[in-house]
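Notes follow the structure.
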Amino acid sequence: MDSAPRRFTNSPVINVIAAAIDKASRTLIRNFGEVENLQVSQKGPGDFVTAADKKSEKILYEELSEVYPDDGFLMEESDEIFGRNNVRWIIDPLDGTHNFMHGIPHFAISIAREVNGEVDVGVVYDPIKDEFFWAEKGRGAFQRNRRLRVSSRSDMANSLFASEMPGFSRTHTPKAKAVFDKLIAQTGFRSFGSAALNLAYVAAGRLEGYIEYGLKPWDVAAGLLIVKEAGGYVGGVQLQDRPETGESVVATNEALSSQIINLARF
Ligand code: IPD
Ligand code: CA
């Protein structure tokens, strides 16, 4: 275990996560530097990026399971590892893979801890900008030691929303396109390519909101807690959608929540 994590909190679990992230993100950054060279090659950087993604996951797993050997792990690149207790880690070792693959410096590591089915710790780390977003249930959300609050804007016209085209399921594409059209017509719109960072940016008040269909639990587990702890609203587009499954996710402030849900439902 790396002995020099970024010390901006006394929380033991956040410091364990920070140490694991320090190690994994050093590898990611080194590999990101290689991507630009491979980008222009005939074969492209696809296999290389998959290897970088898996390497990041392996480091995170080794570091966390060394400290918490009885816990379970749900990680994007592996089959689920079942624990011997009621704790499960939900990890995306590289969120924003397409950005990474194309040499675009906007991607993240996302780590959440779930206890009895409820996330109580979440971290989203952007290795390029060195931004460490984190939250513990009931204790607030932070970027390093700065407290996060969602935006207080309540008018769509002056707001900025993010949405993305579905990453893995084309069945959601028509709905996503309809949401894009409505957002473009009614508010400021961005598509940054990292679900985890979109959620962190809502928590930080940089975006008024974010909507996406067809995500996976590891894309959103940490970010949803960070938004909630920053005073935000999280839900699904349809009443029955549970955002933590990733089926659909709406993250915004309370003031805009009904407007944005109505916009996304049709
Ligand atoms: C993807 C990114 C992307 C989102 C996709 C995700 P990945 O995760 O978060 O922004 O639109 O739905 O699958 O594949 O880069 O880990
Ligand atoms: Ca992801």
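Counting starts at 1 for both ligands and their atoms, in listed order.
For K177, the NZ atom is loosely surrounded, since the number of other residues' heavy atoms within 6.0 Å does not exceed 12. Applying the 6.0 Å contact sphere to CZ of R206 captures more than 12 heavy atoms from other residues, nucleotides or ligands.
Between F32 and F100, the gap from one ring centroid to the other is short of 6.0 Å.
Residue Y213 holds its OH atom at 12.0 Å from OG1 of T173, rounded to the nearest 0.5 Å. Here I17 contributes atom CD1 and S11 contributes atom OG; the two are 7.5 Å apart, rounded to the nearest 0.5 Å.
Between Y61 and E63, the side chains place no donor N or O within less than 3.5 Å of an acceptor N or O (distance only, hydrogens not considered). Side-chain contact, D95 with S110: no donor N or O sits under 3.5 Å from an acceptor N or O.
Of all the N, O or S atoms in D92, the one closest to the Ca ion (ligand 2) is OD2. The Ca ion (ligand 2) lies closest to atom OD1 when only the N/O/S atoms of D219 are considered.
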Audit row: K58, E62, salt bridge (charged side-chain N to carboxylate O under 4.0 Å, His left out) steps and yes/no
CA-CA 6 Å; K58 184 167 181 283; E62 283 171 0; 2.9 Å; yes
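In summary, the atoms of ligand 1 found under 4.0 Å from a heavy atom of E212, numbered by their order in the structure, are 4 (C), 5 (C), 11 (O), 12 (O). Near E76, meaning under 4.0 Å from one of its heavy atoms, ligand 1 places the atoms 14 (O), 16 (O). For ligand 1, the atoms sitting less than 4.0 Å from at least one non-hydrogen atom of M165 are 11 (O), numbered in the order shown with element in parentheses. Within ligand 1, counting atoms from 1 as listed, the ones closer than 4.0 Å to a heavy atom of G193 are 2 (C), 3 (C), 10 (O). Interface atoms of ligand 1 facing D95, defined by a heavy-atom separation under 4.0 Å, are 1 (C), 2 (C), 7 (P), 8 (O), 9 (O), 15 (O), 16 (O).
Ligand 1 has no N or O atom lying under 3.5 Å from any N or O atom of G214, backbone or side chain. Taking any N or O of L215, backbone or side chain, none lies under 3.5 Å from an N or O belonging to ligand 1. The shortest N/O to N/O separation between A196 and ligand 1 does not fall below 3.5 Å.
At least one N, O or S atom of D95, from either the backbone or the side chain, sits less than 3.0 Å from the Ca ion (ligand 2).
Only side-chain heavy atoms of D92 come within less than 4.0 Å of ligand 1; its backbone N, CA, C and O stay farther off. Under 4.0 angstrom from ligand 1, the non-hydrogen atoms of S194 all belong to its backbone. At a 4.0 Å heavy-atom cut-off, ligand 1 touches T97 through backbone and side chain alike. Contact annotation: for K216 versus ligand 1, there are no heavy atoms closer than 4.0 Å.
At distances below 3.5 Å, not a single donor-acceptor pair connects side-chain atoms of N86 with backbone N or O atoms of N116. Put simply, the side chain of N15 gets close to the backbone of T9: a donor and an acceptor are under 3.5 Å apart.
Not a single heavy atom of D53 sits less than 4.0 Å from an atom of ligand 1.
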